Amino acid sequence: MSVVIPLSDAEVAEAHHLAELTFAEFRAHHRYPNNLGPSHRKRKLGEIAVEKWARTLGVPVDAPFRDLRLAAREDLVVGGVRLEVMTWHVERWAALGRSVTPGHIPVVRRKADAIVWCALDGDRVTLHGWSTPDDVERAPLAVAGPPHHPFETHQVPAADLRPMETLLDDAAG
């Protein structure tokens with residue numbers, strides 16, 4: 001079942017500040033096709049929403065995403081489970097949400113036990129569910145992106161997402 005996390009003005013402001021820092025650090029890295037300021041803001045809003053959800057569980061939460069020096073690590077560690085948070089705007093959720101390019105799967109596998117899939121709608125983030133890196137790699141390849149820049153991606157069907165309430169039990173085991 002999806003979980004909707006409303007973000008406060010302070011949380012949105014914090015996400016924008018963190019995004020400014022990461023964008024300033026990575027703006028010269030052209031190897032990432034989506035390395036734009038709005039993408040950094042969207043990512044940080046998703047990470048803050050997942051952190052907010054995780055803190056309600058009463059388990060230890062570590063948030064490496066807040067420290068630019070830890071950018072190569074997982075976004076969050078919740079109850080010992082390493083998480084990668086991937087966020088799309090709600091308008092792009094159906095077409096691109098739940099997808100990872102084949103070349104990015106080894107990176108995700110190295111740093112995370114699970115991926116939490118989010119959709120952003122204003123100051124609300126919906127946590128739609130989660131997948132393991134194996135789930136993503138098993139998903140069929142599809143062509144995505146605009147006609148002038150198509151790319152292949154593994155896109156997990158929405159019906160195959162694991163429910164948020166199972167994350168700590170299933171991903172840890």
Side-chain angles (χ1 to χ4, degrees), residues 1-23 25-27 29 32-57 61-68 70-78 81-101 104-105 107-109 111-133 135-136 139 142 144-146 151 153-158 160-164 167 171:
M1 172 176 251
S2 297
V3 178
V4 177
I5 306 295
L7 299 176
S8 68
D9 291 345
E11 290 165 331
V12 170
E14 179 184 18
H16 287 192
H17 173 72
L18 290 169
E20 288 171 14
L21 296 174
T22 60
F23 180 57
E25 178 71 18
F26 295 105
R27 76 171 26 150
H29 294 265
Y32 301 110
N34 202 14
N35 191 22
L36 305 170
S39 295
H40 286 266
R41 285 190 295 275
K42 175 187 65 193
R43 289 180 199 134
K44 294 302 175 191
L45 289 163
E47 291 162 353
I48 285 175
V50 173
E51 179 188 28
K52 186 175 184 176
W53 167 80
R55 293 207 182 275
T56 69
L57 302 177
V61 177
D62 181 29
F65 78 86
R66 293 179 177 283
D67 186 340
L68 193 58
L70 304 177
R73 285 191 40 194
E74 64 279 342
D75 297 324
L76 290 150
V77 181
V78 177
V81 178
R82 301 171 308 142
L83 302 179
E84 178 80 358
V85 178
M86 296 195 177
T87 308
W88 287 264
H89 283 287
V90 69
E91 299 86 15
R92 311 247 325 163
W93 176 252
L96 288 176
R98 309 159 323 278
S99 63
V100 178
T101 61
H104 193 62
I105 289 175
V107 174
V108 172
R109 187 181 301 286
K111 65 181 188 172
D113 305 309
I115 303 159
V116 177
W117 307 105
C118 303
L120 174 65
D121 188 5
D123 62 357
R124 295 163 41 102
V125 178
T126 301
L127 286 52
H128 283 281
W130 67 279
S131 302
T132 66
D135 294 341
V136 176
F151 56 90
T153 184
H154 290 279
Q155 186 174 32
V156 179
D160 292 348
L161 298 184
R162 297 172 187 234
M164 290 303 296
L167 177 64

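It should be emphasised that the depicted structure is a prediction, and the values quoted were computed from it without experimental measurement.
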Stepwise side-chain contact (heavy atoms from CB on, under 4.5 Å) check, Thr126 with Asp121: CA-CA 8 Å; Thr126 301; Asp121 188 5; over 6 Å; no

Spacing of [atom1] belonging to [X] relative to [atom2] belonging to [Y], to within rounding of 0.5 Å:
| X | Y | atom1 | atom2 | result |
| --- | --- | --- | --- | --- |
| Lys44 | Glu20 | NZ | CD | 12.5 Å |
| Leu83 | Asp113 | CG | CG | 7.5 Å |
| Thr132 | Arg109 | OG1 | CZ | 7.5 Å |
| Ile5 | Glu11 | CD1 | CD | 9.5 Å |

Can you name the one residue among Ser2, Pro163, Cys118 that meets side-chain contact (heavy atoms from CB on, under 4.5 Å) with Leu127?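 Option passing the side-chain contact (heavy atoms from CB on, under 4.5 Å) with Leu127: Cys118.
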
Can you find a pair of side-chain heavy atoms, one from [X] and one from [Y], that are under 4.5 Å apart?
| X | Y | result |
| --- | --- | --- |
| His104 | Met86 | yes |
| Leu7 | Ile48 | yes |
| Arg98 | Asp160 | no |
| Pro6 | Asp123 | no |
| Thr87 | Leu45 | no |

Does Asp135 form a side-chain contact (heavy atoms from CB on, under 4.5 Å) with Arg162? I'd like the steps, not just the answer. CA-CA 10 Å; Asp135 294 341; Arg162 297 172 187 234; 2.8 Å; yes

Checking the side chain of [X] only, and the main-chain atoms of [Y] only, is there a donor and an acceptor separated by less than 3.5 Å?
| X | Y | answer |
| --- | --- | --- |
| Asp75 | Glu47 | no |
| Gln155 | Ala139 | no |
| Lys111 | Arg82 | no |
| Ser99 | His154 | no |

Strictly under 6.0 Å, is that where the ring centroids of Trp117 and Trp93 end up?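 No, they do not, as the ring centres are separated by 6.0 Å or more.
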
Verdict with reasoning, Val78 to Leu167, per side-chain contact (heavy atoms from CB on, under 4.5 Å): CA-CA 9 Å; Val78 177; Leu167 177 64; 5.7 Å; no

What residues form a salt bridge (charged side-chain N to carboxylate O under 4.0 Å, His left out) with Asp67, not counting sequence neighbours?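 Asp67 satisfies salt bridge (charged side-chain N to carboxylate O under 4.0 Å, His left out) with Arg69 only.
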
Contact summary for Val125 and Gly46, nearest pair of heavy atoms: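 Smallest heavy-atom distance, with atoms named: CG1-CA, 4.3 Å.
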
Output, in order, the C-alpha distance, side-chain angles, deciding distance and verdict of side-chain contact (heavy atoms from CB on, under 4.5 Å) for Val50 and Trp130. CA-CA 11 Å; Val50 173; Trp130 67 279; over 6 Å; no

Atom NE2 of His16: over 12 foreign heavy atoms under 6.0 Å: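 Yes, the 6.0 Å shell around NE2 holds more than 12 heavy atoms from other groups.
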
